[in-house]
2 protein chains.
Amino acid sequence: MTDPSESGPGRRSSDRTKAAILRAAREHFAARGYERTTIRGVAADAGIDPSMVMRYFGTKERLFDAALAVDLRLPDLAAVPPHELPAVLVGHFVDRWEGDPADDALLVLLRSAVTNEQAAERMRRTFAEQVLPALAAALGPERAARCAGLIASQVLGLALTRYLLRLPPVVSLDRAALVAAYAPAVAAVLA
Amino acid sequence: MTDPSESGPGRRSSDRTKAAILRAAREHFAARGYERTTIRGVAADAGIDPSMVMRYFGTKERLFDAALAVDLRLPDLAAVPPHELPAVLVGHFVDRWEGDPADDALLVLLRSAVTNEQAAERMRRTFAEQVLPALAAALGPERAARCAGLIASQVLGLALTRYLLRLPPVVSLDRAALVAAYAPAVAAVLA
DNA sequence: CCGCCATGTCAACACTTGTTGGCCTACAGG
DNA sequence: CCTGTAGGCCAACAAGTGTTGACATGGCGG
């Protein structure tokens, strides 16, 4: 743990601080959205002074932007048999939402994009750069272009009602039931 | 137009003022969400003093609550042939979202419910009191209970990606294409 | 030893917010 | 005429915000 190239005592402590700020910021943005998240709150959670946040990120907006970076970690969809594609997609996203509770990036993005144009733009970019290519690998470019929007709409609708609105009938399903219920819907828009 | 019981010159002007406030409030809440909407902004839009808003609604939260009242105007679903149900549902909601631009109530509810627990609760209530019964009339209670959550998820996913996130492939579809694309997905969760 | 620079704290500024209380104005009833 | 009252405006308060600049501190190179 004293590796001089990464975390040893001689290592700059600014990196750890910056990471702590980012982690706290993601947590706050995910739980409260952009407006209700305060620099003071994030700083307190990271155990430092609010002015440090400004020094490292310059502005609340830039901190927000840094917190918005998201990797969907989509697998290679060309490798899955076509008839399993819907179940794989739904399953992957459920895992992604429910996986590491410390990884709030997805929630940050969705929750903020609804009231914040900057985040909405980021969402559109994430869609274009990650979802579209992954689907194109499995369906071909023109079919992907036709279906990707509808699939995003399904998956995001699921996330919306389950994790943000918490509609009881959607919350009460477990992973298997969720996949079983949504895969046919996704399959329907692929046709 | 001088009906003494409703709008004549002898009529209280407070009713008109209150209505103007509510209309402006809906517009602001729908466009900006709860936090970024200011009493001052609403008052300016309604052409009156901020303190008037307080006099009539007491508090920003109560004004918000008044703005959240939503009537989905769902038709009698028992009257539509089962195989047309998906298209009717999707079509109705598209009309509802796209209809009267002055009627922002639906957008207020959806946009706010994502970052505001009070609005989320209101959304769950609206779902339980309007969507569930309407579906129960067409599908019977137990089938409705099983499907309503999934249908809400589809419809809200559509609204989310089209009106809030504005994902290009979802925005570019017109009403007919939208219905044609989504009806099969809704039909899939009914099976 | 000295001095420098990165890391961090403290206190304050300027601004916006929801909210409040006092004042004004018009008009109906006597 | 006076008076009361409802509808409305103005100015201010207290709290919280993002942001800034002056100051501390501790370790490292000379």
Side-chain angles (χ1 to χ4, degrees), chain A residues 2 4-26 28-29 31-68 112 115-119, chain B residues 2 4-26 28-29 31-68 112 115-119:
Chain A
T2 53
S5 79
E6 261 212 340
S7 64
R11 188 84 197 114
R12 286 274 189 281
S13 83
S14 71
D15 295 7
R16 266 190 316 150
T17 305
K18 197 167 173 177
I21 294 174
L22 204 55
R23 204 183 50 87
R26 284 222 172 86
H28 279 238
F29 283 134
R32 281 156 252 219
Y34 182 79
E35 333 285 343
R36 294 180 45 198
T37 293
T38 76
I39 301 278
R40 283 169 169 86
V42 170
D45 232 46
I48 47 131
D49 189 89
S51 64
M52 281 284 93
V53 178
M54 307 307 291
R55 199 203 283 289
Y56 284 129
F57 292 92
T59 206
K60 183 184 180 183
E61 205 175 313
R62 285 219 288 272
L63 171 64
F64 184 54
D65 204 67
L68 248 34
S112 317
T115 38
N116 188 294
E117 179 50 30
Q118 179 186 354
Chain B
T2 52
S5 79
E6 261 211 340
S7 64
R11 190 84 197 113
R12 284 276 189 280
S13 83
S14 72
D15 294 8
R16 266 190 316 150
T17 304
K18 196 166 175 178
I21 293 174
L22 202 57
R23 202 182 52 86
R26 284 222 172 86
H28 279 238
F29 283 134
R32 281 156 251 218
Y34 181 81
E35 333 283 342
R36 295 178 46 197
T37 293
T38 75
I39 300 279
R40 283 169 169 86
V42 170
D45 232 46
I48 46 128
D49 190 87
S51 64
M52 282 283 93
V53 178
M54 308 307 292
R55 200 201 284 290
Y56 284 127
F57 292 92
T59 205
K60 183 186 180 182
E61 205 175 312
R62 285 219 288 273
L63 171 65
F64 183 54
D65 204 67
L68 284 179
S112 316
T115 38
N116 187 294
E117 179 51 31
Q118 178 187 355

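Per chain, numbering begins at 1; letters A, B, ... match sequence-line order. Basis for what follows: all heavy atoms, side chains included, without hydrogens, waters or symmetry-related copies. Predicted, not measured: the structure shown is a model, and the values here were computed from it.
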Colleague: What does A/Tyr56 touch in the nucleic acid at a heavy-atom separation under 4.0 angstrom: a base, only the sugar-phosphate, or nothing?
Modeller: sugar-phosphate
Colleague: Write down the distance between CD (A/Glu35) and P (C/dG18), rounded to a whole number of angstrom.
Modeller: 12 Å
Colleague: Between B/Met54 (CE) and D/dG8 (P), how many Å, whole number?
Modeller: 17 Å
Colleague: For A/Asp49 and D/dG21, what is the distance between atoms CG and P respectively, to the nearest whole Å?
Modeller: 15 Å
Colleague: First locate atom NZ of A/Lys18, then atom CD1 of A/Ile48, and finally report the distance between them rounded to the nearest 0.5 Å.
Modeller: 12.5 Å
Colleague: Measure CD1/B/Ile39 against P/C/dG18 and give the value in whole Å, please.
Modeller: 5 Å
Colleague: State which of C/dT19, D/dC9, D/dT19 makes the closest approach to the side chain of B/Ile48.
Modeller: D/dC9
Colleague: Is the shortest heavy-atom distance from the side chain of A/Gln118 to the side chain of A/Asp65 under 4.5 Å?
Modeller: yes
Colleague: When the distance from CZ of A/Phe57 to C1' of D/dG18 is rounded to whole Å, what number comes out?
Modeller: 16 Å
Colleague: Return no unless some side-chain N or O of A/Ser51 is found under 4.0 Å from OP1 or OP2 of D/dG21.
Modeller: no
Colleague: Might you point out which heavy atoms bring B/Gly33 and A/Thr115 nearest each other, and give the distance in Å?
Modeller: CA-CG2, 4.2 Å
Colleague: Whole-Å distance between C/dA6 C1' and A/Asp15 CG?
Modeller: 12 Å
Colleague: Would you tabulate the pairs of protein nitrogen or oxygen atoms and nucleotide nitrogen or oxygen atoms of nucleotides 13-16 of chain C closer than 3.5 angstrom?
Modeller:
none

Colleague: Which one, C/dT7, D/dG18, C/dT20, comes nearest to the side chain of A/Arg55?
Modeller: C/dT7
Colleague: Below 4.5 Å, heavy atoms only, C-beta onward: do A/Phe29 and A/Leu63 meet side chain to side chain?
Modeller: yes
Colleague: Do B/Asp45 and B/Ile21 have side chains that approach each other closer than 4.5 Å (heavy atoms only, starting at C-beta)?
Modeller: no
Colleague: Can you measure A/Met52 atom CE to C/dA6 atom P for me and round it to whole angstrom units?
Modeller: 12 Å
Colleague: Could you tell me the separation between the OH atom of A/Tyr34 and the P atom of D/dG18, rounded to a whole number of Å?
Modeller: 8 Å
Colleague: Sequence neighbours left out, cut at 3.5 Å: what donor-acceptor pairs do the side chains of residues 53-62 of chain B make with other protein atoms?
Modeller:
{"residue": "B/Lys60", "atom": "NZ", "partner": "B/Tyr34", "partner atom": "O", "Å": "3.0"}
{"residue": "B/Lys60", "atom": "NZ", "partner": "B/Thr37", "partner atom": "O", "Å": "2.9"}
{"residue": "B/Arg62", "atom": "NE", "partner": "B/Phe57", "partner atom": "O", "Å": "3.4"}

Colleague: Locate the shortest heavy-atom distance separating B/Pro50 from B/Arg40; write the atom from each residue and the value.
Modeller: CG-CG, 4.0 Å
Colleague: Heavy-atom nearest nucleotide on DNA chain D for B/Gly47 versus A/Pro50: which residue maps closer to 5'?
Modeller: B/Gly47
